[in-house]
Participant: 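Let me begin by handing over the structure; questions about it come next.
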Amino acid sequence: MAERPKLPPVATAVPLLLWTLEAGLGSIPAFVQAAGAWRVTPIRVELDARTRSATVTVLNEGDEPLHLQMKAFEWVQDEKGNDQYKETDDLIFFPKIMEVGPNDARILRVGLKAPAVARERTYRLFLEEIPAPRKAEGAQVAIAVRFGLPIFVKPIKEEAKGVLDSVTLSDGQLSVVVRNVGNAHFFIESVSVQGKDAGGQAVYDQNVSGWYLLSGAVRTYTVKVPP
């Protein structure tokens, strides 16, 4: 990640572990679920020329007050399909810092300064938990959860299109190159590789988790294939 939102100083000597949750991932580790009993709905926002604002609800399902800070980042992908973030002021959101009481909810408003025209614009609004100060008793770790809310700004005419650039097998490794040649993102659920023997019986089955592929981006999926 290019940059992380900075946490304000807290009066504690407890080490801080920052865990980022990405919308679209299937499972969340149990210790993260226990760390911050809060959630966001919806888990993605779509804006366009007609819908230039949206509301997001933050629900605190814990017994302690929840403190969050928000920052907006432009979301792009490099030549290998890796997510890259750059802080931006393209979005309007309020509040930038919020407190949510125990078993309560608050509204976060997100707006758009300018609509997309020819190509979709993509952002992430990070909601980052600010851990409350606590006394250090022995070896403890304070876990702060950060949720990256995807925000997609749709173009005037959306054309999602993906192609397989190549499928190659070399040295026991199968590589599949997927390219997004459209003007909007799509989501690859998974890449499944199956092998059969001469009689048509399945002898190999391997799945690789997918991810968002933004407009103009390319990603290579690699799977080891047994002899």
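From a predicted model like this one, the values you see are computed outputs, not experimental measurements. Computed from heavy atoms alone, side chains included, the values below leave out hydrogens, waters and symmetry copies.
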Participant: Hey, what do you get for CG (L213) to CZ (R179), rounding to the nearest 0.5 Å?
Facilitator: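 Separation between the atoms: 9.5 Å.
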Participant: For the residue pair S192 and N207, confirm or rule out a side-chain donor-acceptor distance under 3.5 Å.
Facilitator: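 There is such a pair (donor and acceptor under 3.5 Å, judged by atom type) between the side chains of S192 and N207.
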Participant: Check whether Q77 reaches the backbone of L214 with its side chain - one donor and one acceptor, N or O, closer than 3.5 Å.
Facilitator: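 Yes: the side chain of Q77 pairs with the backbone of L214.
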Participant: Is it possible for you to say whether I97 and W38 belong to one hydrophobic cluster, with membership spreading through side-chain heavy-atom contacts below 4.5 Å?
Facilitator: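 Unlinked, I97 and W38 end up in two clusters.
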Participant: What's the verdict on salt bridge (charged side-chain N to carboxylate O under 4.0 Å, His left out) for E128 and K71, showing C-alpha distance, side-chain angles and the deciding distance?
Facilitator: CA-CA 8 Å; E128 184 175 315; K71 267 193 176 181; over 6 Å; no
Participant: Under 4.5 Å between any side-chain heavy atoms of L149 and L108, yes or no?
Facilitator: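 Not touching, per the 4.5 Å side-chain cut-off.
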Participant: Show the numbers, then the answer: is there a side chain to side chain contact (heavy atoms under 4.5 Å, CB included) between R52 and L47?
Facilitator: CA-CA 5 Å; R52 299 185 60 170; L47 302 175; 6.0 Å; no
Participant: Count I, L, V, M, F, W, Y as connected when their side-chain heavy atoms are under 4.5 Å apart, and connections chain through other members. Are I43 and V100 then in the same cluster?
Facilitator: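 Yes, because I43 and V100 connect within a single hydrophobic cluster, where side-chain heavy atoms sit under 4.5 Å apart.
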Participant: In Å, rounded to the nearest 0.5 Å, how long is the span from OH of Y85 to OG1 of T122?
Facilitator: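 Y85 atom OH to T122 atom OG1 measures 9.5 Å (nearest 0.5 Å).
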Participant: Using atom types as modelled and distance alone, determine if a side-chain donor or acceptor of N180 lies under 3.5 Å from a backbone N or O of A217.
Facilitator: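 It does not hold such a pair.
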Participant: Give a yes or no on whether V176 and V163 share a hydrophobic cluster (residues Ile, Leu, Val, Met, Phe, Trp, Tyr; joining criterion: side-chain heavy atoms under 4.5 Å apart).
Facilitator: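 In one cluster with V176: V163, no.
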Participant: Is the shortest heavy-atom distance from the side chain of E159 to the side chain of N183 under 4.5 Å?
Facilitator: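 E159 vs N183: side chains touch.
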Participant: Please check if the side chain of Q206 supplies one atom and the backbone of K224 the other of a donor-acceptor pair under 3.5 Å.
Facilitator: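 No: the side chain of Q206 does not pair with the backbone of K224.
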Participant: Do the non-hydrogen side-chain atoms of R124 and P150 ever get within less than 4.5 Å of each other?
Facilitator: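 R124 vs P150: side chains touch.
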Participant: Should P155 and R119 count as side-chain neighbours, where that means a heavy-atom distance under 4.5 Å?
Facilitator: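 Side-chain contact under 4.5 Å: no.
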Participant: Is the number of heavy atoms from other residues, nucleotides or ligands under 6.0 Å of K113 NZ greater than 12?
Facilitator: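 Result for NZ/K113: enclosed.
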Participant: Would you say F73 ends up clustered with V76 if hydrophobic residues are merged whenever their side chains have heavy atoms under 4.5 Å apart, either directly or through other cluster members?
Facilitator: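 Not linked; separate clusters.
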Participant: Measuring from atom CZ of R146 to atom CD of E129, what distance do you get when rounded to the nearest 0.5 angstrom?
Facilitator: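 Atom-to-atom, R146:CZ and E129:CD are 12.0 Å apart.
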Participant: Can you check whether V203's main-chain N or O pairs, donor with acceptor, with D197's side chain at less than 3.5 Å?
Facilitator: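 A pair under 3.5 Å: no.
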Participant: So T222 and L174, side chain to side chain contact (heavy atoms under 4.5 Å, CB included) or not? Walk me through it.
Facilitator: CA-CA 6 Å; T222 348; L174 181 70; over 6 Å; no
Participant: Going through the distances and angles, do N103 and N60 end up as a side chain to side chain contact (heavy atoms under 4.5 Å, CB included)?
Facilitator: CA-CA 5 Å; N103 301 299; N60 180 9; over 6 Å; no
Participant: Roughly how far apart are M98 CE and L66 CG, rounded to 0.5 Å?
Facilitator: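 Here the rounded value is 8.5 Å.
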Participant: For the residue pair R219 and W211, what are the closest heavy atoms and their distance?
Facilitator: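 Closest approach of R219 to W211, heavy atoms only: NH2-CD1, 3.6 Å.
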Participant: Which pair of non-hydrogen atoms, one from P95 and one from R106, has the smallest distance, and what is that distance?
Facilitator: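 That closest heavy-atom pairing would be CG-NH2, 4.0 Å.
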Participant: If we only count heavy atoms from C-beta on, is the I188 to F186 side-chain gap below 4.5 Å?
Facilitator: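 They are in side-chain contact.
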Participant: Mark yes when over 12 heavy atoms from residues, nucleotides or ligands other than Y204 sit less than 6.0 Å from its OH; otherwise mark no.
Facilitator: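 Yes, because the 6.0 Å sphere around OH of Y204 holds more than 12 heavy atoms from other groups.
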Participant: Quick check: do F93 and V56 have side-chain heavy atoms less than 4.5 Å from each other?
Facilitator: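 They are not in contact (no side-chain heavy atoms under 4.5 Å apart), so the answer is no.
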Participant: If you look at every heavy atom in G182 and S215, which pair is closest and at what distance?
Facilitator: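 Heavy atoms of G182 and S215 come nearest at O-OG, 2.8 Å.
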Participant: Drop me the distance from T57's OG1 to R39's CZ, to the nearest 0.5 angstrom.
Facilitator: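 So the OG1 of T57 and the CZ of R39 are separated by 9.5 Å.
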Participant: Determine, using the 4.5 Å side-chain heavy-atom cutoff (strictly less than), whether V178 and V208 are members of one ILVMFWY cluster.
Facilitator: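 Hydrophobic grouping puts V178 with V208.
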Participant: Do F126 and F147 touch side chain to side chain, with heavy atoms closer than 4.5 Å?
Facilitator: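 The answer is no; the side chains never approach within 4.5 Å.
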Participant: Taking all non-hydrogen atoms of both residues into account, name the closest pair between V45 and P42 and its distance.
Facilitator: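 Shortest heavy-atom separation between V45 and P42 comes out as CG2-CG, 4.5 Å.
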Participant: Measuring from atom CD of E99 to atom NE2 of H67, what distance do you get when rounded to the nearest 0.5 angstrom?
Facilitator: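 Reported to 0.5 Å precision, the distance equals 3.5 Å.
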Participant: Would you check if the distance from the ring center of Y212 to the ring center of F152 is below 6.0 Å?
Facilitator: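 Under 6.0 Å, so yes.
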Participant: Using every non-hydrogen atom in the two residues, find where K196 and A202 come nearest and quote the distance to one decimal.
Facilitator: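 Where K196 meets A202 most closely, the heavy atoms are CG-CA, 4.1 Å.
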Participant: Which is it for L91 and L112 under the side chain to side chain contact (heavy atoms under 4.5 Å, CB included) test, yes or no, and what are the steps along the way?
Facilitator: CA-CA 5 Å; L91 300 176; L112 178 64; 4.2 Å; yes
Participant: Got a donor-acceptor contact below 3.5 angstrom from the R121 side chain to the V153 backbone?
Facilitator: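 The answer is no, because no donor-acceptor pair under 3.5 Å joins these two groups.
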Participant: Can you confirm whether more than 12 heavy atoms, excluding those of E46, are under 6.0 Å from its CD atom?
Facilitator: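 More than 12 heavy atoms, drawn from other residues, nucleotides or ligands, come within 6.0 Å of this atom.
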Participant: Checking T88 side chain against A72 main chain: does a donor-acceptor pair fall under 3.5 Å?
Facilitator: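 No; judged by distance alone, with no hydrogens or angles, the pair does not exist.
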